[in-house]
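Note on naming: letters A, B, ... go to the chains in the order of the sequence lines (proteins, then strands), and numbering restarts at 1 for each one.
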2 protein chains.
Amino acid sequence: MADSKPLLSRDGDPMAAEALLRDVFGIVVDEIIWKGTSASEKVCEWKEPEELKQLLDLELRSQGEPQEQILERCRAVIRYSVKTCHPRFFNQLFSGLDPHALAGRIITESLNTSQYTYEIAPVFVLMEEEVLKKLRALVGWSSGDGVFCPGGSISNMYAVNLARYQRYPDCKRRGLRALPPLALFTSEECHYSIKKGAAFLGLGTDSVRVVKADERGKMIPEDLERQISLAEAEGAVPFLVIATSGTTVLGAFDPLEAIADVCQRHGLWMHVDNLLKHCHGSQASYLFQQDKFYDVALDTGDKVVQCGRRVDCLKLWLMWKAQGGQGLECRIDQAFALTRYLVKEMKKREGFELVMEPEFVNVCFWFVPPSLRGKQESPDYSERLAKVAPVLKERMVKEGSMMIGYQPHGTKGNFFRMVVANPALTRADMDFLLNELERLGQDL
Amino acid sequence: MADSKPLLSRDGDPMAAEALLRDVFGIVVDEIIWKGTSASEKVCEWKEPEELKQLLDLELRSQGEPQEQILERCRAVIRYSVKTCHPRFFNQLFSGLDPHALAGRIITESLNTSQYTYEIAPVFVLMEEEVLKKLRALVGWSSGDGVFCPGGSISNMYAVNLARYQRYPDCKRRGLRALPPLALFTSEECHYSIKKGAAFLGLGTDSVRVVKADERGKMIPEDLERQISLAEAEGAVPFLVIATSGTTVLGAFDPLEAIADVCQRHGLWMHVDNLLKHCHGSQASYLFQQDKFYDVALDTGDKVVQCGRRVDCLKLWLMWKAQGGQGLECRIDQAFALTRYLVKEMKKREGFELVMEPEFVNVCFWFVPPSLRGKQESPDYSERLAKVAPVLKERMVKEGSMMIGYQPHGTKGNFFRMVVANPALTRADMDFLLNELERLGQDL
């Protein structure tokens with residue numbers, strides 16, 4: 001019975017699908033595209049977890065729900081979600097709404113394919129290669145290989161695995177026990193995924209040798225040399241240096257040329273993401289049949305440690321096509337110009353103290369509340385200053401007026417990290433940031 | 001200049017964003033929701049790679065493109081992409097279009113947040129936990145933990161890493177060299193990601209001991225016992241058995257009870273995906289500040305090996321809310337009923353030979369063309385039969401009438417693997433499959 005119903009039944013009925021999706025799209029337009037990007041709306045609607053659970057009625061039941069209720073659920077999900085496209089969302093390294101990128105993602109999700117073979121993703125196999133070629137050209141490479149990964153952490157694991165395989169191809173088959181103890185080098189400012197990756201890849205976090213960074217957060221090449229010697233003296237084999245261009249908190253750039261010289265001298269791999277197919281390949285016969293009627297070199301899925309893989313290239317490709325290289329360059333210039341403006345304005349106000357002069361779009365600073373101004377020499381100054389950011393964060397989130405991240409760092413207590421990432425930002429938003437912190441912290 | 005333009009400029013103008021997205025949404029409705037699911041349209045539009053590159057004009061240039069051209073590009077991307085929601089797409093383990101799941105994905109992409117902290121994803125942190133709780137209940141667990149992973153391959157790596165950490169917590173810090181040689185066990189029918197994962201995690205593919213499967217593709221517990229003894233005799237330490245419920249090609253289910261008995265006897269971890277936070281945690285201070293104003297146990301991002309992570313729970317949650325547990329159960333019953341129907345019909349026709357009776361929704365079979373019927377005893381029968389599937393596949397793809405996967409398997413030559421996954425399928429689609437293969441292969 002169930003299997004004899006016509007094609008236009010509830011499952012697979014395009015009319016019903018269109019009706020639902022039109023309504024949901026309308027909600028997205030109203031609540032995200034308009035309200036979500038409007039400075040006069042809240043950036044978030046804070047609720048305590050227990051209250052939010054009640055409001056959302058998350059429980060999954062046996063009985064399905066009618067369409068009106070489903071639409072109400074969609075509205076609630078959006079209402080209580082953080083608006084990352086809001087002009088006062090400065091909390092993460094990403095922010096803003098690019099309509100072309102979103103269009104690309106809507107098409108990607110609707111087509112719902114996987115990136116493994118030309119057979120199943122002909123457009124995206126070719127497109128990914130074109131986007132990667134263009135990205136390589138930006139760093140000055142005329143050849144090479146690559147894949148999109150599900151995030152930076154997994155990209156870093158690829159880097160470690162590739163370096164290991166390049167030095168000891170046998171590792172793939174025989175594992176790390178067949179190898180001497182290995183050592184990789186990265187700065188104390190590196191992303192935390194390096195240690196996670198070293199643990200996951202079986203090297204152990206002890207294999208990560210932490211190189212000192214200077215006061216601006218840049219790896220010190222002389223200390224890298226010292227750490228390499230130290231590791232060798234302890235019987236470990238150095239194989240990899242992971243440099244960072246734009247550290248997470250400070251936005252620092254390691255001195256790549258000097259590090260490359262050290263790597264060359266010692267024959268070490270420098271993190272370059274240049275994929276070697278043989279490293280990850282396993283030749284699964286059910287996906288990567290060799291008797292296909294087209295060039296199986298296009299079945300790129302065997303390069304990755306995943307099997308199915310989301311299509312990540314379309315959003316970037318479509319945005320790039322629409323903006324052109326020039327348009328993207330303009331956005332970057334504008335972000336740097338706004339960063340300079342913000343720093344200049346900060347210096348004019350007595351309540352702001354820069355952690356350092358920024359060289360990227362990260363601006364790290366303390367807000368010094370009235371009661372602490374001029375007390376820099378007081379013995380508990382740092383301790384009291386470190387307590388300011390959490391209080392301000394709580395206040396802004398509960399009001400929904402703004403979101404900006406803070407963290408301690410090294411010996412420094414909590415400071416804010418502003419990131420100028422959203423291309424829609426203007427000087428007015430920078431002024432707002434400063435005024436709002438002053439308003440929120442005026443009684444401290 | 002660039003940074004002094006008003007909020008309603010090109011970047012960040014909600015009116016322009018709405019206009020673009022409305023047009024793109026209209027294209028998605030016409031080309032994917034309607035044509036993409038219509039049996040009277042092609043499932044794919046095959047082009048040779050070089051021709052497709054020309055048709056798509058993939059190159060990324062310095063100059064941006066006007067909206068009409070961008071919309072034309074969206075149409076082309078869809079036109080030459082495979083329609084995985086088409087009722088004649090049987091090529092992968094996934095198929096079909098669920099409007100609620102797609103609605104969830106469109107909202108997810110529009111909100112564009114990351115799953116790491118309650119601060120940044122309050123709704124989805126709570127929702128993921130609810131969905132995981134419900135999934136655990138389905139397998140009979142009343143407690144536990146979990147996360148969504150970017151695919152099954154990475155999930156399997158988690159399983160290996162967790163088992164390793166549970167036995168040797170020190171591995172996280174000191175790496176595999178501090179451990180005895182390890183052995184993990186899985187059947188010869190397991191997913192290829194197990195070996196990939198073993199290589200990636202530094203164990204090496206040699207550490208994967210392959211247990212024999214019976215003629216139906218199920219792991220043989222007696223051979224598992226034998227392999228464990230063998231590994232121990234060679235000085236390796238068994239630590240993990242990875243069982244499979246629904247193998248990739250045959251859809252076989254390993255005998256879990258018997259395997260669990262073996263695991264219990266030898267003290268081995270059986271793949272259960274029960275996440276241990278300490279295994280993957282790294283306590284990055286800039287994301288997981290401990291002085292936050294809410295319960296930081298809700299910042300679940302440190303459970304995973306990723307940092308940023310896509311929101312994967314909403315699509316499943318919304319579909320579940322709309323269908324109810326009952327509705328989802330109906331879909332599964334219907335898929336099994338259709339599978340039985342297909343097998344029954346296959347047996348009535350002389351051109352079809354089952355590889356085995358299916359126990360799941362995978363149906364593995366050979367199409368025997370007229371020239372080979374009754375020639376089973378001929379010495380080159382198998383060799384000639386193995387050449388049939390690639391020819392039929394090329395023909396169906398070039399006509400765009402249907403897509404179904406094939407592969408060799410063990411000593412068996414190429415056979416087709418039909419997967420009944422799309423809830424919109426009917427008996428008419430099963431009949432079509434059989435008729436179409438007969439039509440495509442009538443001259444062979």
*Name the member of B/Leu182, B/Ile27, B/Asp333, B/Leu179 that forms the most heavy-atom pairs with chain A at distances under 4.5 Å.*
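If we count pairs closer than 4.5 Å to chain A, B/Leu179 comes out on top.
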*For the candidates B/Ile78, B/Leu111, B/Leu97, B/Leu314, which exhibits the highest count of non-hydrogen atom pairs separated by less than 4.5 Å from chain A?*
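Top count of heavy-atom pairs under 4.5 Å with chain A: B/Leu111.
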Contact origin within [X] toward chain B - heavy atom pairs under 4.5 Å:
X        : result
A/Met403 : side chain
A/Glu59  : both
A/Leu203 : backbone
A/Leu102 : both
A/Asn91  : side chain
A/Thr108 : neither
A/Val77  : both

_B/Ala199 versus A/Asn161, closest heavy-atom pair with distance_ =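 Reported closest heavy-atom pair: O-OD1, 4.4 Å.
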Flag the pair [X] / [Y] as yes when at least one side-chain heavy-atom distance between them is below 4.5 Å, and no otherwise.
X        : Y        : result
A/Phe124 : B/Ser81  : yes
B/Phe25  : A/Val28  : no
A/Gln92  : B/Ile120 : yes
B/Ile107 : A/Val24  : yes
A/Asn112 : B/Cys85  : no
A/Gln323 : B/Glu65  : no
A/Ile70  : B/His100 : yes

Identify which part of [X] has an atom lying under 4.5 Å from any heavy atom of chain A, answering side chain, backbone, both or neither.
X        : result
B/Ile32  : side chain
B/Val397 : side chain
B/Arg331 : side chain
B/Lys387 : neither
B/Val391 : neither

_I need the A/Lys196 NZ to B/Lys172 NZ distance, nearest 0.5 Å._
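So the gap between those two atoms works out to 8.0 Å.
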*Sequence-distant partners of B/Tyr80, ring-ring contact (aromatic ring centres under 6.0 Å, His included), two or more places apart*: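 So B/Tyr80 forms no ring-ring contact (aromatic ring centres under 6.0 Å, His included) with any residue.
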_For B/Lys53, all residues meeting side-chain contact (heavy atoms from CB on, under 4.5 Å), sequence neighbours excluded_ =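 B/Lys53 satisfies side-chain contact (heavy atoms from CB on, under 4.5 Å) with A/Leu126, B/Glu50, B/Leu58 once adjacent residues are dropped.
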_Donor-acceptor contact present, side-chain A/Thr84 to main-chain B/Thr113, <3.5 Å_ =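 A pair under 3.5 Å: no.
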